[in-house]
There are 2 protein chains.
Amino acid sequence: MKCNAYEIFFMNFANKTKLDIIYSLREGPLSVLEIAQKIGEEQSKISHNLRKMSECRLLNVEQRGKQRIYSLNRETVIPMLELVEKHVKTCCCAGGCSKLK
Amino acid sequence: MKCNAYEIFFMNFANKTKLDIIYSLREGPLSVLEIAQKIGEEQSKISHNLRKMSECRLLNVEQRGKQRIYSLNRETVIPMLELVEKHVKTCCCAGGCSKLK
DNA sequence: AGAACATATGAATCCGTGTTCATATGAAAT
DNA sequence: ATTTCATATGAACACGGATTCATATGTTCT
């Protein structure tokens, strides 16, 4: 397919694993394993997702010994989360848009 | 599946048709056919997308005669677009995140 | 009521993303 | 150099959203 930058951008928020990753990093940087443990998912799954998210600059990476430390691009991600949280709270019956199907 | 409100929210931005719809409505409300013509897609395709987007309150609907007039929930959508545009401009090499794959 | 227009809906299919599992790469320590 | 730890990568598969096509619903007008 030929995704433009905007589609790719939003795709990096539009799934549970990626959102879990974002929230796990909200309080500060973590290594891959730390993220995986924190949200209870496999390392490989996390790695694949981290890749796309940092390709799109939603995340920053930094090597520290054997580990890679990932952190949020807070300038973009935090305002984004605030927007969604506000929207969901005010527009979506306090907790859930009607489920698709 | 069991999508939470946040996933659903972002899914409603994360595809070309939906983004096209959003941009077609940026300057003002339109009917279904007007949207379809403006972006060159089938009516049915547009309708399906409009449904999900308004379920999630990204769009407002209003009946006017035979037509249904759709408009942006500007309070949420406009700031969202500004965020992405800024991000893509500053972080993604002026035009494109590295393509997935 | 019937015709014409506008939109929505259902079901089937297509297609792509996300996951999985196995394995490769890389980095530090012994 | 080899072992161990940490992460990335590749390929195959599965699942689910998006599209398509046909048809239903709804609205207005005559």
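Chain letters run A, B, ... following the sequence lines, proteins first and then strands; every chain starts at 1. Only a predicted model underlies this, so the values are computations on that prediction, with no experimental measurement involved.
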(message) Whole angstroms only, please: what is the CD1-P distance between B:Ile46 and D:dA18?
(response) 13 Å
(request) Taking all heavy atoms of B:Glu27 and all of B:Lys38, pick out the closest pair and write down the distance. (result) OE1-NZ, 3.8 Å
(message) Working to the nearest 0.5 angstrom, can you tell me the gap between A:Leu19 CG and A:Asn49 CG?
(response) 10.5 Å
(request) Given side-chain contact (heavy atoms from CB on, under 4.5 Å), test B:Glu41 with B:Ile21 step by step and report yes or no. (result) CA-CA 10 Å; B:Glu41 299 281 4; B:Ile21 290 175; over 6 Å; no
(request) Using atom CD of B:Glu55 as one end and atom P of D:dG17 as the other, report the distance to the nearest whole Å. (result) 12 Å
(request) Considering only NZ, NE, NH1 and NH2 on the basic side and carboxylate oxygens on the acidic side, decide whether B:Glu55 and B:Arg51 come within less than 4.0 Å. (result) yes
(request) In whole angstrom, give the distance that lies between atom CZ of B:Arg51 and atom P of D:dA18. (result) 13 Å
(message) Under 4.0 Å between a side-chain nitrogen and a carboxylate oxygen: does that hold for A:Glu34 and A:Arg64?
(response) no
(request) Nearest whole angstrom, please: distance from the P of C:dT17 to the CZ of A:Phe10. (result) 17 Å
(request) Starting at atom CD1 of A:Ile8, determine the distance to atom P of C:dT17, rounded to an integer number of angstrom. (result) 9 Å
(message) Please report the distance, rounded to the nearest Å, between CD in A:Gln67 and P in D:dC5.
(response) 13 Å
(request) Figure out the CD/C1' separation between A:Glu34 and D:dC5, and round it to whole Å. (result) 14 Å
(message) Does the protein touch nucleotides 19-30 of chain C at the base, only the backbone, or not at all? Give it as B, S and - per nucleotide, heavy atoms under 4.0 Å.
(response) SBBB----SS--
(message) Parallel, tilted or perpendicular: which one describes the rings of A:Phe13 and B:Phe10, with boundaries at 30° and 60°?
(response) parallel
(request) Figure out the CE/C1' separation between A:Met11 and D:dG16, and round it to whole Å. (result) 13 Å
